[in-house]
Amino acid sequence: MTLRLADKELNPPVLLAPMAGITDRPFRDLVMSFGAGMVVSEMVASQEMVQAKPGVRERAELSADVENTAVQLAGREAHWMAEAARQVADRGARVIDINMGCPAKKVTNGYSGSALLKTPDHALKLIEAVVAAVDLPVTLKTRLGWDDSLLNAPQVARRAEDAGIRMVTIHGRTRCQFYKGRADWKAIRAVKEAVSIPVIANGDITDSAKAREALAQSGGDGVMIGRGAQGKPWLLAQVCHDLYGADAPDIPEGAALVEMVRTHYQSMLSFYGSDLGLRVARKHLGWYMDEAGTGAELRRAVLTSREPDQVLRLLGDALESETERAA
């Protein structure tokens, strides 16, 4: 199945969710090397980017000009959202996504992210400003509502479509749920029925079976996968294969897995620099070791070492399968 986004084709419609501190360029490039319909950058604060706050512009530049990569913007003022959209468009962005789903207090306290669900009239002004600022497809990511008493995603999505939004992704929780409980894929169907643009189902999709179930319950046109890809950058490609018949990914095992993780680790050090890269890499190495069942002592040695060469040496033992360690 091919999902059309203006003149773009998302084939298959399996997308990597934006996750702060996780979906940086090294990880997005790794996911795309296996196969995915689209990847989305970390959320970029619009005003901070325009004002060139340290570290913000770099996040927006991460493969913005690469096919099937979207840059996600957040903010609360139309002026800054429009200016940020123009800047990332000038840098070659192919798609711009508007964040109306982040539940973090530091975002919602600034009246951005999912807090915009409480002020849909204001949210529409931001959407209209971004759509008018660029000649690119603009998409929207949001949630079912602020809480159980304000489940207004269908109404917001309909107004967003009228304002020029080309696709909407719905996380099947309210803001006040954060990531607790289970995502309600059935509730996404009301959004699908309210609009004619593509609707992407998001939340708790961790394998192909759940992706298939999310599509069946939501009636969605595709799925977005976030936390399920942590430690498994091939997961999206596997879902593409199982649901849409794309080529099966060559899932690395043994020496191939060690080599993949070492390459990812070195990419993070190169991108961020050694000091910051060491810290950023720990979460990813932890997820890889979760999947491998690494013992506590070896895990601690990998995650506490401040010597890249030592980490690279330790990864061989740390990522051995349980069978290999028992042999």
Side-chain angles (χ1 to χ4, degrees), residues 1-19 23 25-42 62-72 88-89 92-98 134-142 157 160-161 164-172 185 188-189 191-192 195-229 232-252:
M1 176 181 176
T2 297
L3 187 156
R4 293 202 64 85
L5 180 58
D7 61 339
K8 307 289 186 295
E9 287 190 356
L10 308 186
N11 184 19
V14 179
L15 290 63
L16 178 67
M19 294 180 284
T23 53
R25 179 167 191 167
F27 187 65
R28 294 203 309 273
D29 287 351
L30 181 56
V31 168
M32 284 300 293
S33 73
F34 286 99
M38 188 170 78
V39 295
V40 186
S41 76
E42 301 172 84
L62 301 188
S63 58
D65 58 345
V66 175
E67 189 69 29
N68 288 1
T69 296
V71 175
Q72 189 183 73
V88 296
R94 311 295 182 91
V95 178
I96 293 176
D97 186 62
I98 297 175
V134 296
D135 187 23
L136 296 172
V138 180
T139 62
L140 176 68
K141 187 174 190 295
T142 187
E161 179 182 17
I165 288 293
R166 301 297 187 95
M167 181 178 77
V168 60
T169 299
I170 303 293
H171 184 114
W185 300 321
I188 298 173
R189 185 173 287 274
V191 178
K192 176 61 182 172
V195 299
S196 59
I197 55 176
V199 173
I200 305 298
N202 175 227
D204 293 351
I205 300 173
T206 56
D207 56 34
S208 295
K210 289 181 178 175
R212 188 175 283 109
E213 184 180 357
L215 286 173
Q217 292 189 18
S218 67
D221 300 285
V223 295
M224 178 175 279
I225 297 173
R227 291 174 292 169
K232 294 179 288 187
W234 54 82
L235 176 63
L236 278 78
Q238 186 65 52
V239 173
C240 290
H241 170 67
D242 292 340
L243 271 64
Y244 299 105
D247 291 341
D250 186 7
I251 298 175

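Worth saying up front: this structure is predicted, and the values here are computed from it rather than measured. In this chain, numbering begins with 1 at the start of the sequence shown.
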Anything under 3.5 Å between a donor and an acceptor, one on a side chain of residues 164-171, the other on a protein residue two or more places apart or in another chain? List them.
unit_1, atom_1, unit_2, atom_2, d
His171, ND1, Asn202, OD1, 3.2
His171, NE2, Arg173, NH1, 3.0

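Residues Ala36 and Leu236 share a closest heavy-atom pair of CB-CD2, 3.8 Å. Of all heavy-atom pairs spanning Gly203 and Trp185, the tightest one is O-NE1, 2.8 Å. Counting all heavy atoms, side chain and backbone alike, Asn68 lies closest to Gly37 at ND2-O, 2.9 Å. Contact detail for Leu16 and Arg28: the closest heavy-atom pair is CD2-CG, 4.2 Å. Taking every heavy atom of both residues into account, Val191 and Ala157 meet most closely at CG1-CB, 3.7 Å. Here the closest heavy-atom approach between residue Leu215 and residue Tyr244 is recorded as CD1-OH, 3.3 Å.
Residues Met224 and Lys141 form a side-chain contact, since some pair of their non-hydrogen atoms from C-beta on lies under 4.5 Å apart. Here the side chains of Trp234 and Ser33 are not in contact, with every heavy-atom distance at 4.5 Å or above. Using a 4.5 Å heavy-atom threshold, the side chains of Thr139 and Ile98 count as separate. For the pair Gln238/Asp242, a side-chain contact is recorded, criterion being any heavy-atom separation below 4.5 Å from C-beta on. With a 4.5 Å cut-off on side-chain heavy atoms, Ile188 and Val199 count as touching. In this structure the side chain of Leu243 never reaches within 4.5 angstrom of the side chain of Val14, judged on heavy atoms. Between Val88 and Ile96, some side-chain heavy-atom pair lies under the 4.5 Å cut-off.
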Could you go through Glu42 and Met19, starting from their C-alpha distance and side-chain angles, then the distance that decides it, and tell me whether this counts as side chain to side chain contact (heavy atoms under 4.5 Å, CB included)? CA-CA 5 Å; Glu42 301 172 84; Met19 294 180 284; over 6 Å; no

Where do Ser196 and Glu161 land on the side chain to side chain contact (heavy atoms under 4.5 Å, CB included) test, with the steps shown first? CA-CA 8 Å; Ser196 59; Glu161 179 182 17; 2.3 Å; yes

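Judged by distance alone, the side chain of Arg227 and the main-chain N or O of Asp204 form no donor-acceptor pair under 3.5 Å. For Asp221 (side chain) and Ile200 (main-chain N/O), no donor-acceptor pair under 3.5 Å exists by modelled atom type. At least one donor-acceptor pair under 3.5 Å links the side chain of Ser41 to the backbone N or O of Gln72.
For the side-chain contact (heavy atoms from CB on, under 4.5 Å) with Leu235, the lone residue among Val31, Ile225, Ile205 that qualifies is Ile225.
Under the rule for a side chain to side chain donor-acceptor pair (under 3.5 Å), Lys232 has no partner lying at least two apart in sequence or in another chain. Under the side chain to side chain donor-acceptor pair (under 3.5 Å) criterion, Thr206 pairs with Lys210, sequence neighbours left out.
Interatomic distance, NE2 of His241 versus CD1 of Ile251, reported as 9.0 Å (0.5 Å rounding).
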